[in-house]
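Worksheet: the structure to be examined is printed underneath.
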Amino acid sequence: MLQGHNYERLLKISKRINWRVDDIIGPDKPMDFSRPFLPESFARTAELPFLSLDERLKLNQIRGFGYLAMFELVERTILPVIEGHTASGPGQDPHRTSALNNFAIEEAKHIELFFRFRQAFDEGFPVRCGFIGPAEDIGAAVRSHGELGLALFILAIEWATQQHWLESVQEEESLDPQFKSLLRHHWMEESQHAKLDAMVFYELAATAGPDEVLRAVEEFLEIGAFIDSGLAQQAQLDLASLEAAIGRTLPGAEREQFLARQHQAQRWTFLGSALRNQGFLNALGDVSASGRARIEEVSPAFC
Ligand SMILES: [Fe+2]
Ligand SMILES: [Fe+2]
């Protein structure tokens, strides 16, 4: 399990990386609206041949906006959960609280990062795009689940950001450099979070029985299903944003195709990219082979 990783070492790596939001987004680093923001593997605009190339670019950027808003929402949702784990008992690693506090501070910084990008998007895009909400209600509904299921959810989100960065690297030439920088810098810090959260997950799992771990996997899947229903709504909002941005309404059959394909594209972006990630599966598999098998059984639906 996570050989070579411990709280002291992860804290040291984090302190060394520690970038500032102003280094990544600001007036001297504008977003380039002539380029796509998200890798095509997530945006999947080529699956909608009835859209012109310019319309596909607009849709890609709308999906980029949704990515920023979704991560801001998720970071706001998980921050209180991470803060709830920072207190350490007398027998625990002396570096644990500092490392987890630093983890929480970085997530608070990421909320600011996604907010700042969202502001830059609003300034440069021709229409205002919708996003699901209210964020407080979505966050409260997610946090109503047990702490082991929530730890698994956070772990999944951390590992998903690795996939987002990896796929942006594959489209090195075409993507907006600012958005690519966002994905890279986010993963640079999430890489430590994934290990820290796995350590918290192992601590919690050590005091739980195998049945409790399997129940946590089911709770995690409930959170995923809840988010998935939000993604279906988001596809509707994206369609409205696209129609406003391109100044035309899609005919009925095209709308249906749009909603089905874009819902699935969002599933892969936010859920499948986590469920299929080897780092996530290995961390869960270390604790529960049956839990891992359960995830592998459902993950094809999210690809
Ligand atoms: Fe983050
Ligand atoms: Fe994180």
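Both ligands and their constituent atoms are indexed starting at 1 by order of listing. Values below: every heavy atom of this structure, side chains too, minus hydrogens, waters and symmetry copies.
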Self-check item: Metal site the Fe ion (ligand 2), protein N/O/S atoms found under 2.8 Å
Solution: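 For the Fe ion (ligand 2), protein nitrogen, oxygen or sulfur atoms under 2.8 Å: 5.
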Quiz item: Between R248 and E55, does at least one N-O distance fall below 4.0 Å, as a salt bridge requires?
Solution: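 Answer for the salt bridge query: yes.
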Practice problem: Could you tell me whether the side chains of S34 and D32 share a donor-acceptor contact shorter than 3.5 Å? | Solution: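 Yes, because at least one side-chain N or O of S34 sits under 3.5 Å from a partner of the opposite role on D32.
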Quiz item: Given the side-chain rings of H186 and F114, with only the six-membered ring counted for Trp, is the space between their centroids under 6.0 Å?
Solution: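 Yes: the rings meet the under 6.0 Å criterion.
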Quiz item: Looking at H185 versus H110, is the centre-to-centre ring distance below 6.0 Å?
Solution: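 Ring centroids of H185 and H110 are no less than 6.0 Å from each other.
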Self-check item: Minimal non-hydrogen separation, A274 against A156, with atom names
Solution: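 Of all heavy-atom pairs spanning A274 and A156, the closest is CB-O, 3.2 Å.
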For residues 229-240, run the donor-acceptor check on the side chains, cut-off 3.5 Å, and write out each pair with its distance to 0.1 Å, sequence neighbours left out.
from: S229; atom 1: OG; to: F226; atom 2: O; distance (Å): 2.6
from: Q234; atom 1: OE1; to: I132; atom 2: N; distance (Å): 3.1
from: Q234; atom 1: NE2; to: G130; atom 2: O; distance (Å): 3.1
from: Q234; atom 1: NE2; to: D238; atom 2: OD1; distance (Å): 2.9
from: D238; atom 1: OD2; to: Q266; atom 2: NE2; distance (Å): 3.0

